[in-house]
2 protein chains.
Amino acid sequence: MSDESENIPAKSRRRVTAQAVAERAGVSRSAVSRAFTQGAYLDQKKKAQILQVAAELGYRPNVFAASLQAESSNIVAVLTGNMKSHFDAELVEELLGRLTAAGKWPLVVSGEKVANAPSIEGLWGFPVDAMILRGGSMDKFVVEACAKLHIPLIISGVTVTSETADSVACRNADGTYALTRLLLERGRRRFAWIDGPTGVVTQESYRRERRKGVIRALEQAGLELVASCDSDYTYEGGLAAAETILRDHDVDALMCANDAMATGALSFVRKTLQLRVPEDLSVTGFDDVSMAGWPCFDLTTVRNPRTEIVDHIMRLLHERLADPSKPGEVVLVSADLVPRGTH
Amino acid sequence: MSDESENIPAKSRRRVTAQAVAERAGVSRSAVSRAFTQGAYLDQKKKAQILQVAAELGYRPNVFAASLQAESSNIVAVLTGNMKSHFDAELVEELLGRLTAAGKWPLVVSGEKVANAPSIEGLWGFPVDAMILRGGSMDKFVVEACAKLHIPLIISGVTVTSETADSVACRNADGTYALTRLLLERGRRRFAWIDGPTGVVTQESYRRERRKGVIRALEQAGLELVASCDSDYTYEGGLAAAETILRDHDVDALMCANDAMATGALSFVRKTLQLRVPEDLSVTGFDDVSMAGWPCFDLTTVRNPRTEIVDHIMRLLHERLADPSKPGEVVLVSADLVPRGTH
DNA sequence: CGCTTATGTGAACACGTGTGCAGAAAGTGC
DNA sequence: GCACTTTCTGCACACGTGTTCACATAAGCG
């Protein structure tokens, strides 16, 4: 019937194979393979001819077939989480660029709640060299699954103590502690804290840490928070949270758990309330995304050292690939104060 | 020598194979394969036992091996370009989420000048179902290579007429034309245009289009540009360009080729020059990134309909996978005016 | 029991590649 | 011409899977 008319194009759509090149060039399939293998014995003239025929036909050795016998697939799975925060987006972007430059192929799993979605279930079918997680998409069972399947795992944003997984994060508590001290020196006394969302188990640890640094510094000064509010790490969320807090409370320092919320809060304070920052009120963030340095914000914040973190991820990746049995490592990078114009 | 101590761990690091499960469960390898294949003849009891042993050992069928005989690998290559512009970043992020949700696995190639880098050379080795390009990373030879290798290709941001490639872009010229008309109605007469970088061949087409819409509207009003300046689509670049232009020229409408530069220009105009926008001067952008709607910017701009574009990309992907011989399609989506507070 | 049908199973093949191995061809020294 | 080394090449195997095919077992029916 229409078998022929359907099958022939289907056939021709298939990838060009080494066999086809061999037949066209009048050599054995092995020779074709050797033409693409560095340092294999093959007559120079023959090699040149094979490469030309290959170019004509558009042949490339199929990586999947080759990786069946290879030790490494050079593919790295990257779980990004939702990337609502610009910091996450910037970090992932930098990471992907670095992986590409290092000859690794990032297979990205993205979207909401990716860790317990069916998508991750399918991911285990890939012979990936390693998995890299951004904190938001972490879940305990991923760590266990990776351990069982002997897949090197690197987590950033959250620290995990495990024999088989490495993690990188900044010293969140130290960062907010230093920031709070700065505001105290500036004479601030009535502090409010806009926090991240509660209930996201995987972000709970650094959420708690950032808050802890504030509380500790205040305690040492004999103070406590005047107000606190949970939001969602977004600009809009920060704006709404600032409204909620400032409607009912008289505060002179509005600290936010990340920069996105801080810019939202800043907008509300300046545009809607027509208050002067920092004269009437301090507003601070966390992460030091590129936006925070723009003149229109000029936000006082704490640097979450993106490039340094990516450096560590790449280092851990290489080290663990070189020695898979190496014990799990927890890297803590410092979170330095970035005093600008809003404190 | 140390062969044993090195090889044994290496062996044990290898993926668990169907053979191993079969031996452990006392069945044939075929049975294991059938246990993971929907609708294959296999005794229910046996299947349950196999699945349990597989779970214990942490076995998953290797996708690479399976895809050797399969028609489709479900892997889609995504070339992102440099993502300097927030619009690109937001679009890519949405695209990745959609691909994941659709059961496709995005293999991301990222970074500067990715199209002619050695990285893309290695990409041809993967049996990808399709390639998706963001305009910035486009280059003519990619289109030709994809055509030759029968790889479906979808390009966004730039329109390409090709038998084998689809493309999606917005009506750039219409967008800037409408925007310019709005400013003319507002009474503006002395226009300046901050353009994208010259020399990036692959972005030349939409660069030209956006400019053309402005020129055309001005011509119809018997006007021409008072000043023009090339920049780089970034916040910092827009800020610097605004300084260059406003130092030497008296303008009442400062139009920018994208939102990032517009926010930079806005900062310079408001913070540094202490001018009132829009009373003293109009500032406009293009793309309508999420930032543009924030109260602190409230930028008048043109919507580059991100979600609609991603919808089209996904549609084109499915259609072309269903019928690879379908002729190339060029989709133009409208770029609607978003009048806010800076005009 | 004999025949037919339904169900379950292992051997064998195909997918496309890199490489070990043995042997062929070619070059070198006498 | 002969022994020996060097360069080259094709065969065959391995990688891990899905699926066809022939066969075995069991069940249903007269």
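Given the structure is predicted, the values throughout are model-derived calculations rather than measurements. Proteins come first, then strands; the chains are lettered A, B, ... in the order of their sequence lines, and each starts at number 1.
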Readout for nucleotides 8-14 of chain D: B = base within 4.0 Å of protein heavy atom, S = sugar-phosphate only, - = neither; 5' to 3' it is SBBBB-B

Whole Å only: how far is the CZ atom of A:F36 from the P atom of C:dG18?
-> 9 Å

Report yes if a side-chain nitrogen or oxygen of A:R60 is closer than 4.0 Å to either non-bridging phosphate oxygen (OP1 or OP2) of C:dT17; otherwise report no.
-> no

Could you give the CD1-to-C1' distance, from B:I50 to C:dG8, as a whole number of Å?
-> 12 Å

What's the CG-C1' distance between B:L57 and D:dG16, to the nearest Å?
-> 16 Å

Residues which pass salt bridge (Lys or Arg N to Asp or Glu O under 4.0 Å) with B:E94, listed by chain and number, not counting sequence neighbours = B:R306

Note: B:R315-B:E319 ion pair, threshold 4.0 Å (strictly below) = yes

Pairing of A:R14 and B:E71 as salt bridge, 4.0 angstrom limit | yes

Please check the phosphate of C:dG18 (OP1 and OP2 only) for any side-chain N or O of A:S33 closer than 4.0 Å.
-> yes

Take B:W105 and A:V109, measure what side chain to side chain contact (heavy atoms under 4.5 Å, CB included) needs, and give me the verdict at the end.
-> CA-CA 7 Å; B:W105 300 97; A:V109 184; 3.8 Å; yes

Atom-pair distance (CZ on B:F64; C1' on C:dG18), nearest Å | 16 Å

Between atom CG in B:L68 and atom C1' in C:dC15, what is the gap in whole Å?
-> 5 Å

Does B:E329 come within less than 4.0 Å of B:R320, counting only side-chain N to carboxylate O?
-> no

To the nearest angstrom, the CZ-C1' distance between A:R15 and C:dC15 comes to 13 Å

Whole-Å distance between C:dG10 P and B:E23 CD?
-> 13 Å

Approximate separation, where rounding is to 0.5 Å, of B:S67 OG and A:N62 CG = 7.0 Å

Could you give the CD-to-P distance, from A:Q19 to C:dC15, as a whole number of Å?
-> 10 Å

